[in-house]
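Here the structure comes first, spelled out in structure tokens, and everything after it is commentary.
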Amino acid sequence: MLNQDAHGRTEDNCARKFESADFDEECTALAQYLLGKVLVRKSSDGQLLKGVIVETEAYLGGEDKASHSYNGKITARNRPMYEPPGTSYVYAIYGMYHCMNISSRGAGSAVLIRALEPMENVESMLKNRMASARSKNKSSEKNARIREEDLCRGPSKLCMSFDITKKLNNIFMPASAELWVEHPVLPSSFVIVQCPRIGIDKCGAEWASKNLRFYIFGNECVSKRDKNCEKLCAPSI
DNA sequence: CTAAGGATTTGCT
DNA sequence: GCAAATCCTTAGA
């Protein structure tokens with residue numbers, strides 16, 4: 001890292017950027033560590049889009065039947081999951097959407113970013129969402145009034161708002177000037193809810209039921225609450 | 001609030 | 001060919 005002061009802050013944005021060592025954690029640990037951190041996307045016009053990561057999922061590879069890298073399978077698509085920790089894995093899903101992951105320690109493991117709380121340059125995110133809706137022939141009338149907390153409330157929504165496409169696949173984020181993660185300038189404390197992952201029922205009950213989804217309790221930008229797990233994780237609230 | 005069905009590209013069998 | 005780590009719309013409780 002260049003140009004950091006004693007507190008790890010860089011000159012221009014006063015926030016420490018994630019380097020290789022920050023990403024080099026076991027998958028479930030990284031999924032939780034990323035909560036409260038800031039995803040940054042430098043848009044084509046030079047603006048910095050920023051959002052706080054509020055919801056993640058761990059995909060372990062190997063035994064994890066829900067993972068694209070189940071059983072150590074390597075394909076053209078999932079190869080970034082085997083790249084060094086901090087490598088982006090962006091793939092297309094359901095024909096029209098994208099999901100973004102970050103590889104972690106361990107072969108074939110990665111963290112899915114499921115939701116962000118918009119932080120800086122929200123207007124640009126809204127513009128990206130509307131442009132994306134138009135290209136998909138969605139009703140632009142209603143999309144013109146998307147609530148701020150709904151902009152990045154889901155894995156594909158955040159990709160639309162941040163203009164994350166396959167161009168940003170397989171990028172080593174510690175060395176990227178387009179897409180990276182940084183520490184918040186003012187860290188906050190929060191309760192983490194652990195619960196089963198979303199949309200993976202067909203892989204079998206054993207892996208579908210594991211608590212590999214993590215989110216910040218009470219945050220309005222989380223895509224789907226699990227109230228049963230909230231009782232266990234935040235009983236006093 | 002929950003539920004169901006359609007949109008539509010991509011990767012893999 | 002088929003199923004997919006989703007989203008949006010509409011219908012109904």
Side-chain angles (χ1 to χ4, degrees), chain A residues 27-28 30-31 34 39 53-82 87-104 106 108-116 125-126 128-147 149-170 194-215 220-228 230:
Chain A
C27 193
T28 58
L30 181 63
L34 282 170
L39 184 71
I53 298 170
V54 301
E55 182 182 353
T56 59
E57 282 179 1
Y59 286 86
L60 309 183
E63 298 287 297
D64 182 359
K65 289 185 180 171
S67 176
H68 289 170
S69 53
Y70 169 54
N71 219 5
K73 181 175 67 172
I74 303 179
T75 64
R77 178 175 64 157
N78 72 15
R79 201 173 51 243
M81 297 181 86
Y82 295 86
T87 304
S88 67
Y89 170 39
V90 180
Y91 65 91
I93 188 170
Y94 294 107
M96 48 200 328
Y97 299 115
H98 291 92
C99 291
M100 185 206 156
N101 305 249
I102 302 174
S103 72
S104 63
S109 64
V111 176
L112 170 69
I113 309 297
R114 280 196 60 92
L116 305 171
M125 297 178 201
L126 186 58
N128 288 337
R129 268 299 288 280
M130 290 194 296
S132 179
R134 273 196 296 278
S135 72
K136 295 173 173 59
N137 285 323
K138 302 285 183 189
S139 154
S140 52
E141 275 272 306
K142 289 199 169 182
N143 283 331
R145 289 189 217 122
I146 299 174
R147 296 186 310 159
E149 55 268 38
D150 289 333
L151 271 175
C152 304
R153 199 174 191 216
S156 297
K157 289 178 184 174
L158 73 90
C159 286
M160 289 187 270
S161 294
F162 272 57
D163 190 27
I164 293 172
T165 64
K166 292 211 71 174
K167 286 179 198 161
L168 293 179
N169 184 38
N170 204 21
Q194 314 189 8
C195 57
R197 294 172 289 185
I198 302 281
I200 54 163
D201 303 325
K202 289 175 182 121
C203 79
E206 185 193 348
W207 282 93
S209 65
K210 286 187 187 294
N211 287 343
L212 293 175
R213 182 164 77 107
F214 307 95
Y215 65 86
E220 293 296 313
C221 301
V222 170
S223 66
K224 196 173 196 305
R225 293 177 63 180
D226 187 321
K227 294 189 179 177
N228 283 329
E230 288 183 3

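Residue numbering restarts at 1 for every chain, and letters A, B, ... go by the order of the sequence lines.
One N or O on the side chain of A:Ser88 and one on the backbone of A:Asn170 form a donor-acceptor pair closer than 3.5 Å. A:Ser161 places a side-chain N or O within 3.5 Å of a backbone atom of A:Leu151 that can act as its donor or acceptor partner. Looking only at distances, no side-chain donor or acceptor of A:Asn101 sits under 3.5 Å from a matching main-chain atom of A:Ala110. Between the side chain of A:Ser103 and the main chain of A:Thr87, a donor-acceptor pair closer than 3.5 Å is present. When atom types are taken as modelled, the side chain of A:Tyr82 and the backbone of A:Gly72 share a donor-acceptor pair closer than 3.5 angstrom. The backbone N or O of A:Ile198 lies less than 3.5 Å from a partner atom in the side chain of A:Glu57, making a donor-acceptor pair.
Between the CD1 atom of A:Ile113 and the P atom of C:dT6 there is a distance of 14 Å, rounded to whole Å. Note: CZ (A:Arg129) to C1' (C:dC8) measures 10 Å, nearest angstrom. Note: CZ (A:Arg213) to C1' (C:dT6) measures 14 Å, nearest angstrom. Separating the OH atom of A:Tyr70 from the P atom of C:dA4 is a distance of 15 Å, rounded to the nearest angstrom. One atom, CG of A:Leu158, and another, C1' of C:dA5, lie 12 Å apart when rounded to the nearest Å. Atoms CZ (A:Arg153) and C1' (C:dC8) sit 14 Å apart, rounded to a whole Å. In this structure, CG of A:Asp201 is placed 12 Å from P of B:dA3, rounded to the nearest angstrom. For A:Lys157 and C:dT9, the NZ to C1' distance is 13 Å, given to the nearest whole Å.
In this structure, the side chains of A:Cys159 and A:Tyr97 stay at 4.5 Å or more apart for every pair of heavy atoms. Under the 4.5 Å side-chain criterion, counting only non-hydrogen atoms from C-beta, A:Leu60 is in contact with A:Thr28.
In terms of phosphate contacts, A:Lys202 brings no side-chain nitrogen or oxygen within less than 4.0 Å of OP1 or OP2 of C:dA3.
Using a 4.0 Å heavy-atom criterion, one finds that A:Leu112 contacts the bases of the nucleic acid, with or without backbone contacts as well.
Among residue pairs with one or both ends in residues 205-215 of chain A, those qualifying as side-chain hydrogen bond (donor to acceptor under 3.5 Å, both in side chains) are A:Glu55-A:Arg213, A:Tyr215-A:Glu230; sequence neighbours excluded. Pairs passing the salt bridge (charged side-chain N to carboxylate O under 4.0 Å, His left out) check and including a residue from residues 69-82 of chain A, sequence neighbours excluded, do not occur.
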Quick one: which protein N/O atoms are closer than 3.5 Å to N/O atoms of nucleotides 5-8 of chain B? Pair and distance per line, please.
unit_1, atom_1, unit_2, atom_2, d
B:dT8, O2, A:Tyr94, O, 2.8

For nucleotides 11-13 of chain B, which of its nitrogen or oxygen atoms have a protein nitrogen or oxygen under 3.5 Å away, and what is each distance?
unit_1, atom_1, unit_2, atom_2, d
B:dG11, OP1, A:Lys166, NZ, 3.0
B:dC12, OP1, A:Thr75, OG1, 2.1

Structure string for DNA chain C in dot-bracket form, Watson-Crick and G-U at under 3.5 Å, | interchain: ||||.|||||||.
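Scanning for side-chain hydrogen bond (donor to acceptor under 3.5 Å, both in side chains) contacts around A:Asp150 gives A:Arg147, A:Arg153, with sequence neighbours left out.
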